[in-house]
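Only one structure is covered here, and it is reproduced in the block below.
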Amino acid sequence: MDDTRRRLRGLPALPGLALTASLTLGATTASAQELVWARYGDIDSLDPHRATSTLSMQVWDQIYDTLLAFDMEGNPGPNMAASWEASEDGLEYTFTLNEGIMCHDGTPFDANDVKFTIDRAFGDTPSLTKTSWGPITDVTVVDPLTFKVTLASKFGAFLPFLADSFSSMICDSNTAETFGSTTAIGTGPFSLDEWVKGSEVALSKNPDYVNYGEPYDNEGAPHIDRLLIRTVPEAQTRLAALRTGEVHIAEPPFDDIEAIKEAGELEIMVAENTGQDVFWEFTTSRAPFDDIRARQAVAYATDPQMAIDIIYGGLTNREWCPVARGVFGNDQEFCKQYGYEYDPEKAKALLAEMGYGPDNPLETTMFVWTGGNRHKLAEIFQSQLAQVGIDAGVEIMDIGTMNARVKAQNEDTTSDEPGTFDMMTWSWYDPDILYQLWHSPGAYSGYQSPELDAMLEETRTTIDPDARLEKVQAVIKYLMENAVHIGLYSPGWEWVFAVRPEVEGFKVGPFLHPNFLDVTVVSGG
Amino acid sequence: MGKFILQRLFAALVTIWIATIAVTILIHLVPGDPVRIMYGSFQTTPEELEAIRVRLGLDQPIWTQYLMYLERLVQGDLGRSIVGDQPVLDVLLTRFPATLALTVSSLAIAIVVGMSLGFLAAYKRGTWVDVGAMVLAIVGVSMPHFWLGLLLLFLFALQLQWLPVAGGDWRSLLLPALTLGLANAAVLARLTRSAMIDIFDQDFIRTARAKGLPRSIVLYRHALRSGLVPVVSMLGLQFAYLMGGAIVIENVFAWNGVGRLAIEAVLSRDYPLIQGFILFFATVVALASVVIDIAYAFLDPRIRYS
Amino acid sequence: MTPDTDAPLLSVRDLTISFGKGRHRNVAVKDLSYDLRAGETLAIVGESGSGKSVSSMALLGLLPRGAATIEAGRARFDGRDLLHLSDEQLRGIRGDRVTMIFQEPMTSLTPVLRIGQQLTEALIEHKGMSRSQAAARGREMLTLVGLDDAPRRMKQFPHELSGGMRQRVMIAMAMASDPAILLADEPTTALDVTVQAQILDLMRDLKARFGTSIILITHDMGVVAEMADRVVVMRKGRKIEEGTVREIFETPQQDYTKALLAAVPRLGAHAAAAEPRQVVDSPSRPGARLLHTHGMSKTFRERGLFAAKAGGTAAMQDVGFDLAAGETLALVGESGSGKSTTGRAVLRLLELDQGVIEIGGTDMRRLSGGAVRKARREMQMIFQDPFASLNPRLSAGRLVAEPMVIHGLAKGRELQDRTEQLFTRVGLEADHMRRFPHEFSGGQRQRLSIARALSVNPKLIVADEPTSALDVSVQAQVLELMLELQQSLGLAYLFISHDMAVVEEVAHRVAVMRRGRIVEIGPRHAVLNDPRHPYTRALLAAVPVPDPTRTRGTLPTLDTSTLPTGPLTEIAPQHMVAS
Amino acid sequence: MIHSSSTAELADDLATASAPRKRSFWRALLAGPSGLIGLVIVAVLIFAALTAPVIAPYDPLRMAAGPRLDAPSTNYLMGTDDFGRDVLSRIIYGARLTLQIGVIAVGISLSCGLLLGLVAGYSSGWTERVLMRLVDVLFSFTEIVIALACLAIFGVGLTNAMIAIGIASIPFYARVTHSVVLVEKGKPYFEAAVAAGAGHLRLIFLHLLPNVVPTLIVIGTLGVSTAILAAAGLSFLGLGAQPPQPEWGFMLSSSRDLISRAPWMMIFPGLAIATTVLGFNLLGDGIREALDPRQTDR
């Protein structure tokens with residue numbers, strides 16, 4: 001499907017391995033198995049409607065379950081929902097839930113909980129990703145195991161969304177004020193013990209868990225008893241903790257990966273099908289980036305391949321498309337035709353046309369969000385831009401701030417300050433992301449045109465895969481030609497894991513969902 | 001004495017009161033629309049922003065806002081953080097024990113190391129012990145906390161692997177506390193030295209010597225106890241410095257206290273959290289200085305008996 | 001306890017002490033020798049810098065370590081040489097056989113320790129007494145030095161006692177171990193005159209009781225005359241003369257000693273004269289009324305957190321007096337009596353709570369800020385500490401010229417000339433104008449202050465203790481200058497002083513102040529020769545007389561509760577006393 | 001107001017006011033080890049800042065000037081960073097930013113603090129009480145918290161950090177000025193000037209200011225070191241300098257992920273900060289000793 005080497009463990013487990021796993025399980029049931037996973041940052045909220053960060057999503061995955069589940073290739077299939085039917089016009093879906101799903105508080109999970117979740121996402125304080133649920137107008141509970149969802153218009157990304165963590169199913173017993181900060185009741189493989197803000201999310205295994213559709217071997221409760229998800233911001237500290245065994249799984253410092261591999265003390269895993277896309281986004285509402293030539297100049301002047309080689313050393317790939325590898329519509333060859341190959345001379349020519357030159361550099365600011373060495377990437381880009389006469393300051397901020405600032409920049413059309421551009425990142429399972437980003441008003445109030453709106457509309461309402469591919473690629477072509485959304489690389493954040501040797505069965509599902517169902521810790525740690 | 005304590009408490013209240021005004025003004029000094037900066041993230045509509053504005057009372061005149069703020073404050077409501085949408089007070093309180101543990105243990109280190117060094121230097125004034133101690137102290141004062149932290153981390157955790165680097169137990173407190181403690185010990189050593197030198201020059205020390213008392217009695221009963229008075233009076237400020245220093249050190253060692261929270265809040269422009277932090281910080285420092293002033297009063301009879 | 005009658009108790013020989021090393025070496029005491037006999041009081045007298053304190057501190061090893069070096073000498077005491085004992089051996093003598101009291105009672109006791117502990121710790125250390133034995137002795141000593149309620153005093157902290165009481169505690173501490181020698185380093189200098197008299201009486205009394213020998217270090221010839229058996233006179237680190245107190249006072253051999261004695265103001269020396277000492281041929285006489293004040297009151301309030309607190313101390317209550325041109329009114333009183341406050345109030349350097357100040361008929365209190373500054377041309381001030389009252393960053397010339405600049409009296413060449421004239425007028429050289437204050441001596445600085453005050457041709461000068469920071473020899477010269485200026489220029493002085501002898505020399509009239517009130521005011525000879533108020537009498541009785549042949553009468557005890565403090569009533573022409 | 005005729009006189013007076021100690025001051029400064037060492041360090045810093053383009057072996061911003069993460073060698077005396085930039089060159093250019101931080105931050109805090117302290121100390125009464133109470137409260141907030149508040153308002157960046165640090169230290173300078181003014185005001189020479197009829201301006205500028213200035217020079221010099229430390233701290237936290245500025249604190253911050261791989265990236269910038277701060281601290285101590293003969297025997 002693509003040219004990256006598969007580093008994930010193979011799906012079909014060898015009988016021998018399974019045996020080892022069960023033996024180990026038997027041997028260690030006496031002492032509780034605990035796994036520590038260290039990450040650079042903390043979750044924002046336990047409430048899937050209150051945050052968008054990958055860090056949060058990965059924790060929701062453990063506590064909540066979704067109606068549908070992606071297989072390893074990223075296609076949605078049954079999970080909590082055993083089956084579903086769509087009406088002829090594609091505006092009504094009827095789902096049937098599996099029987100016997102239990103919430104962590106012991107109450108049964110039924111259609112009312114689904115209605116609770118969806119109503120909540122559209123309620124007074126709606127989900128931050130409300131649009132991604134699609135044009136839902138109503139949810140009706142038919143019987144405890146059956147419910148109907150009504151859409152205002154056809155929505156091609158509806159089913160994939162139900163496999164995504166943003167659609168995590170919340171039990172309707174989550175009515176307390178504390179939901180999201182100290183309590184969270186779901187149906188997922190782990191239940192919440194405690195969230196010590198800034199430091200640790202402590203989870204215990206949910207003994208009642210049944211795996212209906214997640215693509216892992218284990219069909220029941222996790223093997224490990226406790227999962228501790230710890231915040232350790234310093235990469236060096238994480239590495240040291242990995243070495244001493246205080247931590248089992250963590251993202252290592254990129255510059256140490258070679259040495260780790262050589263020493264063979266830890267296993268390095270690189271996730272695939274992350275759906276992650278890192279791209280240039282511009283304040284097109286004012287100068288200089290209201291001029292396509294300025295946007296193109298930036299694209300020609302930067303060399304993502306060189307930058308990622310220096311910073312990530314082959315751990316990631318040049319991405320030509322506005323949607324990531326593994327996502328419907330991604331085709332490197334197709335995208336590259338409209339892409340911008342590194343060509344500083346062209347950039348200079350474009351700038352000269354606009355009246356910029358060595359004595360009159362184009363001044364602007366590049367936003368980039370913290371972590372994952374992105375600021376270093378930005379420094380390289382900054383230096384490349386300087387060579388063609390673009391004087392770009394770099395501002396580093398966290399992702400939430402960057403989202404807000406980018407939006408504010410786009411909406412501020414009257415400022416005398418030069419417009420900014422940014423290294424934006426999104427992880428999505430479907431090209432519907434393009435609708436959310438660029439259909440007016442758009443997530444960032446960025447580039448908009450009626451033409452593009454119409455094209456995006458069609459990507460939503462076209463359900464047939466071949467026809468939809470055509471529509472999606474038309475949008476891709478438009479975005480690339482107009483230099484609105486210029487792909488840089490993929491994947492881009494939290495996709496590299498260093499794993500201690502005693503940890504067996506750690507897998508990362510598509511769209512960067514680490515999973516612990518099959519995990520065992522061989523020696524006491 | 002009672003009057004003195006009341007006076008100090010009143011001063012602390014004034015500090016906290018001014019802090020409440022400062023944080024209310026703060027949000028109005030932010031250029032641009034604070035609501036948009038705070039809540040204008042992914043997919044919020046203008047209507048939703050307006051609703052938030054009304055909910056936060058930001059559509060009211062500033063003095064109404066202030067009264068509203070005070071009203072919520074007395075109910076223990078410091079607002080909700082933007083990132084994660086949680087009650088600010090809860091967030092601060094869950095993080096504070098870590099900071100308290102760090103600052104108190106650093107203060108202990110600073111007092112033990114700094115005061116002994118300063119006392120020794122003053123006593124051995126003019127000798128190489130004094131010179132050595134003061135060179136050490138000025139180097140300590142000049143050393144950036146965070147660099148000292150990195151050096152200690154590099155040496156003890158990464159090279160020697162003596163100490164753990166992650167986790168929240170007492171062993172992982174050692175390095176940050178040592179860093180912060182030593183950095184402040186240097187300041188305290190200088191303060192103690194000059195206070196003790198002043199004391200050694202006092203007439204009453206001459207009196208004590210003229211009485212033919214053993215050196216230890218002159219030093220500990222007469223000099224040290226008197227010298228402690230000015231030094232302890234400065235501890236309130238030292239504690240404030242430690243709290244400030246903790247902001248940086250917590251970030252070096254990923255120590256999960258309010259200091260790290262504060263930096264996260266500034267970087268993410270989480271204004272309710274920033275406001276809460278400033279108020280909280282001011283309150284803690286003000287109350288700590290009351291405690292230290294009372295300790296000071298117990299050392300100095302001129303205050304105790306007036 | 002009685003040694004050989006002839007052998008001296010302490011014998012100091014060839015004591016030489018220096019400060020600093022190498023290039024910076026500075027000999028503070030050179031070849032000093034003296035003997036102290038059992039039961040006698042030896043006064044070591046000298047002006048500041050004469051080495052009198054240093055030499056005594058050296059005996060007990062109390063000189064600052066490192067800074068001072070004992071280069072040579074012996075000091076035999078109890079068969080041992082004090083200067084060659086180890087620190088530990090010396091410590092056994094200090095505080096037991098040889099004890100000390102110091103000048104500053106306010107700072108000589110450890111502020112954080114109770115009186116009882118400070119009083120008993122030496123006894124426990126040296127005499128091996130138990131805590132309770134030492135406490136009993138401590139209480140006994142406190143009673144002996146005249147402190148009431150000894151058990152309570154034992155529990156008090158130093159700050160709860162007044163200066164005089166603290167000095168009594170110091171004496172109790174020094175005498176508790178029944179020492180052979182008491183070293184008293186300026187024991188009364190920091191005290192008010194009445195307290196000084198009490199302390200001196202106490203020391204004499206205790207000396208008689210315990211038979212202690214005393215080394216009394218002082219600059220005050222009055223104290224010497226009153227206390228000493230023998231006197232050693234020191235100057236610039238050397239002993240220049242030694243003798244019995246009678247010999248020194250009656251037949252001084254050295255010029256310096258003679259000058260020292262001549263410069264000492266003696267109360268009663270001018271008692272007969274109706275006017276201050278005449279120093280010019282045809283002195284101007286007091287003229288018309290220049291200054292009129294009445295009902296002046298001022299209370300200093302302690303500052304609260306925001307607002308002033310209620311209460312506070314009344315520094316001045318219902319004070320009023322007149323002053324004529326060319327006249328000197330002396331305000332006398334002890335510290336805290338409000339005399340300085342009164343002086344400042346007249347110049348409007350502080351705001352009165354109420355009262356009237358009229359200069360030449362203008363009510364100063366009604367003037368605006370700018371007008372007050374203009375009015376200040378008429379009145380100038382001279383301060384106690386001449387160094388502190390001169391801005392260290394201005395040259396002497398600028399300092400003296402400043403008032404003329406402020407009041408726009410002269411500029412350019414004229415300013416220069418007038419400044420030069422002022423310098424010569426007060427006895428300074430014109431080329432001193434370029435110097436800065438720290439390059440002048442104390443007396444010269446006070447001359448600078450006077451020149452500055454004179455520069456605007458004022459009618460009134462408020463002189464606040466103008467000579468009390470000066471050595472006696474310099475003091476006399478400055479007083480001479482002031483008298484001369486008054487008598488030739490017709491200046492009026494409001495002369496603030498605690499020194500009755502100085503007042504007697506310069507004043508036309510005297511006002512005695514106590515606790516913010518004038519208790520007696522009148523012509524000098526009336527107030528000083530015929531005091532009517534009990535407090536004035538006590539004040540006069542307490543003044544030490546620099547004449548060993550005369551004995552100061554015992555101090556009358558003041559019953560503060562019945563002391564009249566009401567309004568003034570005239571008992572003789574111009575002589576008014578509080579009723 | 002004072003008469004116009006005396007304004008020139010006042011200026012003349014001002015010029016001579018600080019004259020007397022000059023010659024002996026420099027000698028005294030260089031006599032003690034603190035002053036001498038401090039002056040040498042500060043001089044080296046200023047020299048490096050002025051001549052950076054000449055003495056720096058490489059362009060501080062040029063990537064791949066050498067190999068990545070190269071250990072110190074004769075080519076790269078302090079090694080290279082993760083972009084292959086020469087650490088020594090970056091440190092030399094960083095001296096410029098460091099000096100700028102010191103001058104701007106102290107400039108802001110010193111001028112505002114001086115003004116506040118003078119006004120409060122001279123005016124007395126209500127103005128003084130309210131001002132100083134406020135200053136005390138702000139002071140107890142500590143500088144870093146005030147700086148954080150300022151940065152929360154202005155947004156992050158090195159310039160904003162300088163301003164924030166400047167503002168944050170105003171209470172300190174105001175307090176020092178105020179206390180010195182009170183001391184000076186209490187001295188008889190001040191009362192003597194009042195008694196002589198001096199007006200407000202003369203009292204403030206001729207009598208108070210010259211006597212306050214020496215203390216402020218000392219405090220200001222020491223303050224430069226505090227400001228440099230604070231700015232480095234903010235940059236270290238990501239609130240100050242932004243890439244590619246070769247600011248030392250920022251360099252330290254970017255070394256964190258590499259301390260085991262490339263410790264030189266952590267050691268040299270840290271050493272640069274510590275030495276510079278030490279230099280200003282020593283210089284401040286030296287000036288204090290030189291200005292105050294009472295202290296020299298210590």
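The structure presented is a predicted model; accordingly, all values stated were derived computationally and were not measured. Throughout, a chain's letter reflects where its sequence line sits, starting with A, and its residues are numbered from 1. Side chains are part of it too, since the values below use all heavy atoms of this structure and drop only hydrogens, waters and symmetry mates.
Side-chain atoms of Arg209(B) do not come within 3.5 Å of backbone N or O of Arg94(C) as any donor-acceptor pair. With hydrogens and angles disregarded, no donor-acceptor distance shorter than 3.5 Å links the side chain of Ser108(C) to the backbone of Phe204(B). In this structure, His222(B) contributes its side chain and Leu109(C) its backbone to no donor-acceptor pair below 3.5 Å. For the pair Lys211(B) (side chain) and Gln118(C) (backbone), a donor-acceptor distance under 3.5 Å is present.
Residue contact with chain B, scored on non-hydrogen atoms closer than 4.5 Å, involves the side chain of Met57(C) exclusively. With a 4.5 angstrom heavy-atom cutoff, Leu62(C) touches chain B via backbone and side-chain atoms both.
Taking CD1 from Ile205(B) and OG1 from Thr110(C), the interatomic distance works out to 5.5 Å, rounded to the nearest 0.5 Å. How far CG of Leu63(C) is from CZ of Arg206(B): 10.5 Å, rounded to the nearest 0.5 Å. Once rounded to the nearest 0.5 Å, the distance linking OG1 of Thr207(B) with CE of Met173(C) reads 6.0 Å. Atom CD of Gln117(C) is separated from atom CD1 of Ile217(B) by 8.5 Å, given to the nearest 0.5 angstrom.
With chain C as the partner, the residue from Pro214(B), Ala208(B), Ser226(B) showing the most heavy-atom pairs under 4.5 Å is Pro214(B). With chain C as the partner, the residue from Leu213(B), Ile199(B), Val229(B) showing the most heavy-atom pairs under 4.5 Å is Leu213(B).
A search for salt bridge (charged side-chain N to carboxylate O under 4.0 Å, His left out) contacts involving Arg168(C) returns nothing, not counting sequence neighbours. The salt bridge (charged side-chain N to carboxylate O under 4.0 Å, His left out) check on Glu104(C) picks up nothing, with sequence neighbours excluded.
A heavy-atom distance below 4.5 Å is found between the side chains of Val112(C) and Pro301(B).
At a threshold of 4.0 Å, the pair Glu121(C)-Arg221(B) counts as salt-bridged, since one of the basic side-chain nitrogens sits closer than that to a carboxylate oxygen.
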Given side chain to side chain contact (heavy atoms under 4.5 Å, CB included), test Asp203(B) with Met106(C) step by step and report yes or no. CA-CA 9 Å; Asp203(B) 291 342; Met106(C) 303 306 279; over 6 Å; no

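Within 6.0 Å of atom CZ in Arg72(B), more than 12 heavy atoms from other residues, nucleotides or ligands are found, so the atom counts as buried in its surroundings.
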